Colleague: 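This is the structure, below, for whatever I ask next.
Source: prediction; values computed, not measured.
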Amino acid sequence: MLSRSIVVQSLRSIRDRFFDTRRQKDDVQGTSDDVTGPSLDNLSVDMQFLIMTFLSPQDLCRLGGTSTYWRSMVRDPVLWKYFLLRDMPLWQSVDHLSVPHVKLTGSAVLDDSQMQFDYMAEYLRICPACRNQWRHQPRATFESVTSFFQSFVAVAEPQFAMFGPGLEQLEISLMTTIMNSPDVLPIAGIPQRQIDGIGSGISFLDKDQHRFNIATLYSTNRTERERARLEHLSLRSKLFVYQEDSESNMPLSLIPMFNQVCHAMNGFIFVANAETERAGRGWEEESAQIRVMLDPVMGAVSRPILVLSCVSRETADRRRIPCVTVAHQLQLSSLPNPWMVQDTTAETLTGLLDGIDWLLRQSGVKL
């Protein structure tokens with residue numbers, strides 16, 4: 001994390017250069033444009049920086065449009081690098097279009113090998129508030145016409161496969177909460193057929209009463225899952241094929257029973273355990289599971305995957321792994337498929353509907 005003193009030092013050098021240039025210009029022209037009386041320009045750089053830390057990205061851009069001085073200050077790359085490092089761990093979602101172009105470590109520290117990187121443009125591109133603003137911009141006329149014609153086409157109920165350790169390792173079951181929260185995600189039907197005790201299907205309704213189906217795929221049966229959760233054991237998932245005579249949990253392919261299931265899917269939901277208490281558990285196995293499920297042999301690379309970065313509950317003393325770190329650890333940037341990581345809480349289902357809305361849009365469902 002950049003220290004405040006480094007940012008203030010950078011801003012102070014910009015201020016000094018600006019006023020030195022203006023004084024030289026005034027001396028040549030025999031004029032003086034010194035500002036007197038109360039003015040934001042007259043505050044110390046430390047105070048100016050403090051004020052800027054409380055402004056939204058939109059307000060900062062407006063401030064930069066008030067004068068040449070503030071344009072220079074607001075466009076300082078060190079300032080925006082500070083904001084990026086400060087805010088990125090707090091953002092609740094990231095997707096394939098907004099993933100940072102700068103490298104991250106597990107602690108979300110940026111590699112500053114490219115000193116000329118435009119951190120301001122990067123911040124405005126990936127900031128959720130800016131993304132939401134662009135999402136609600138009026139669409140072009142041709143997009144409205146396309147949407148009109150698409151409304152005449154009957155769309156089959158989308159099918160999604162949900163899997164991942166976050167379904168099993170958390171103290172609070174995400175699926176149990178979903179099943180008991182009809183006000184959040186109404187249930188439209190529960191098929192009786194199950195898949196070898198480790199998979200079942202549920203039909204839900206979205207906010208516009210469209211039906212969609214989720215096939216929930218667990219690593220093994222309920223008894224083994226519960227024992228592994230209580231004893232903090234690592235299970236070898238029965239969804240996948242592994243190398244013979246190997247104790248490694250790195251999957252090679254899906255078992256034949258699930259090939260047909262995944263062929264029929266319009267997209268996938270991976271539930272990741274985002275609790276910081278998961279110390280000692282690497283991400284390599286989870287990343288490999290995602291790649292096996294998204295194997296181009298199993299279907300088009302246009303099929304999206306929603307990663308629910310899930311914790312049991314939100315409390316002041318329990319932190320979560322930032323969604324940008326989850327995306328980095330799962331190496332999602334290397335996927336050809338559309339993807340999104342959404343912070344989710346199993347107890348309250350916070351963030352779930354935002355993720356489902358994104359998944360349905362990516363699957364071509366009109367919301």
Colleague: Judged by atom type as modelled, is there a donor-acceptor pair below 3.5 Å linking the side chain of Y123 to the main-chain atoms of P57?
Modeller: no
Colleague: Main chain of T176, side chain of N180: is a donor-acceptor contact present, judged purely on distance under 3.5 Å?
Modeller: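 Checking the backbone N and O of T176 against the side chain of N180, a donor-acceptor pair under 3.5 Å is found.
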Colleague: Please determine whether side-chain contact (heavy atoms from CB on, under 4.5 Å) holds for the pair T325 and M88, giving the CA-CA distance in whole Å, both sets of side-chain angles, and the decisive distance to 0.1 Å.
Modeller: CA-CA 9 Å; T325 302; M88 196 162 46; over 6 Å; no
Colleague: Near R236 CZ, under 6.0 Å, is it more than 12 heavy atoms from other residues, nucleotides or ligands?
Modeller: yes
Colleague: With no hydrogens and no angle check, is any side-chain donor or acceptor of T66 less than 3.5 Å from a backbone partner on L63?
Modeller: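 It does hold such a pair.
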Colleague: Please identify each residue that fulfils ring pair (Phe, Tyr, Trp, His ring centres under 6.0 Å) with F83, with sequence neighbours left out.
Modeller: W80
Colleague: Say whether M298 and L252 are linked into one hydrophobic cluster, either directly or through other cluster members, by side-chain heavy-atom distances under 4.5 angstrom.
Modeller: no
Colleague: Taking the six-membered ring where the residue is Trp, are the ring centres of W358 and F160 under 6.0 Å apart?
Modeller: no
Colleague: Would you say W283's side chain and Q329's backbone share a donor-acceptor pair under 3.5 angstrom?
Modeller: no
Colleague: Could you walk me through whether V184 and I178 satisfy the side-chain contact (heavy atoms from CB on, under 4.5 Å) test, starting with their C-alpha distance in whole Å, then the side-chain angles of each, then the deciding distance to 0.1 Å, before giving a yes or no?
Modeller: CA-CA 8 Å; V184 177; I178 293 175; over 6 Å; no
Colleague: Would you say CE of M47 has more than 12 non-hydrogen atoms from neighbouring residues, nucleotides or ligands within 6.0 angstrom?
Modeller: no
Colleague: State plainly whether the residues R211 and D206 are in salt-bridge range, i.e. N to O under 4.0 Å.
Modeller: no
Colleague: Regarding E224 and R227, does a basic nitrogen lie under 4.0 Å from an acidic carboxylate oxygen?
Modeller: no
Colleague: Would you mind checking if R320 and E314 are paired as a salt bridge, meaning a charged N to carboxylate O distance below 4.0 Å?
Modeller: yes
Colleague: Got a donor-acceptor contact below 3.5 angstrom from the E286 side chain to the P165 backbone?
Modeller: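 Here the side-chain-to-backbone pair does not exist.
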Colleague: Do any pairs count as a side-chain hydrogen bond (donor to acceptor under 3.5 Å, both in side chains) and have a residue in residues 288-305, sequence neighbours left out, and if so which ones?
Modeller: E285-Q289, S287-R291, R291-S334
Colleague: About how many Å separate CZ of F204 and CG of N213, when rounded to the nearest 0.5 Å?
Modeller: 9.5 Å
Colleague: Quick check on side chain to side chain contact (heavy atoms under 4.5 Å, CB included): which of I305, I356, L167 does I269 satisfy it with?
Modeller: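 Only one option passes, and that is I356.
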Colleague: Looking at CZ of F163 and CG of L239, how far apart are the two atoms once the value is rounded to the nearest 0.5 Å?
Modeller: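 Those atoms lie 8.5 Å apart.
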Colleague: Is there a chain of hydrophobic side chains (I, L, V, M, F, W, Y, each step under 4.5 Å between heavy atoms) that links L330 to L97?
Modeller: no
Colleague: Would you confirm whether S309, through its side chain, and Q342, through its main-chain N or O, come within 3.5 Å as a donor-acceptor pair?
Modeller: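 No, because the side chain of S309 does not come within donor-acceptor range (under 3.5 Å) of the backbone of Q342.
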Colleague: Counting only heavy atoms not in E226, do more than 12 fall under 6.0 Å of its CD?
Modeller: yes
Colleague: For the residue pair D95 / S98, report whether a side-chain donor-acceptor contact shorter than 3.5 Å exists.
Modeller: yes
Colleague: Is there a side-chain contact between F240 and I255 in this structure, where contact means two heavy atoms from C-beta onward sitting under 4.5 Å apart?
Modeller: no
Colleague: Any donor-acceptor pair under 3.5 Å linking the side chain of S56 with the backbone of D59?
Modeller: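 Judged by distance alone, yes, a pair lies under 3.5 Å.
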Colleague: Could you check whether S10 and D76, counting side-chain N and O atoms only, form a donor-acceptor pair closer than 3.5 Å?
Modeller: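 Yes, side-chain donor-acceptor contact under 3.5 Å.
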Colleague: Can a side-chain donor-acceptor contact be found between S203 and E157 if the only test is distance below 3.5 angstrom?
Modeller: no
Colleague: Have S312 and E347 got a donor and an acceptor in their side chains that come within less than 3.5 Å?
Modeller: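 Short answer, no.
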Colleague: What's the separation between atom CD1 in I321 and atom CG in D343, rounded to the nearest 0.5 Å?
Modeller: 10.5 Å
Colleague: Are R313 and E171 within salt-bridge range, i.e. N to O under 4.0 Å?
Modeller: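 Salt bridge: yes.
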Colleague: With a 4.0 Å cut-off, would you call K207 and D357 a salt bridge?
Modeller: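 A salt bridge is present here (some side-chain N lies under 4.0 Å from a carboxylate O).
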Colleague: Let me confirm one number: the SG-CZ distance from C61 to R71, rounded to the nearest 0.5 Å.
Modeller: 13.0 Å
Colleague: Do any N or O atoms from the side chain of R75 and from the backbone of W70 form a donor-acceptor pair under 3.5 angstrom?
Modeller: no
Colleague: Return each pair, listed once, that meets ring pair (Phe, Tyr, Trp, His ring centres under 6.0 Å) where at least one residue sits in residues 39-59; pairs must be two or more places apart or across chains.
Modeller: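 For residues 39-59: F49-Y82.
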Colleague: Looking at Q92, I'd like to know if its CD atom is crowded, meaning that more than 12 non-hydrogen atoms belonging to other residues, nucleotides or ligands lie closer than 6.0 Å.
Modeller: no
Colleague: Check whether any side-chain N or O of R12 sits under 3.5 Å from a backbone N or O of S44 as a donor-acceptor pair, and report yes or no.
Modeller: no
Colleague: Under a 4.5 Å side-chain heavy-atom rule over Ile, Leu, Val, Met, Phe, Trp and Tyr, are M250 and F270 clustered together?
Modeller: no
Colleague: Apply side-chain contact (heavy atoms from CB on, under 4.5 Å) to residues L308 and L352 and explain how you reach the verdict.
Modeller: CA-CA 8 Å; L308 297 178; L352 176 66; 3.8 Å; yes
Colleague: Between the side chains of Q159 and N266, is a donor N or O closer than 3.5 angstrom to an acceptor N or O?
Modeller: no
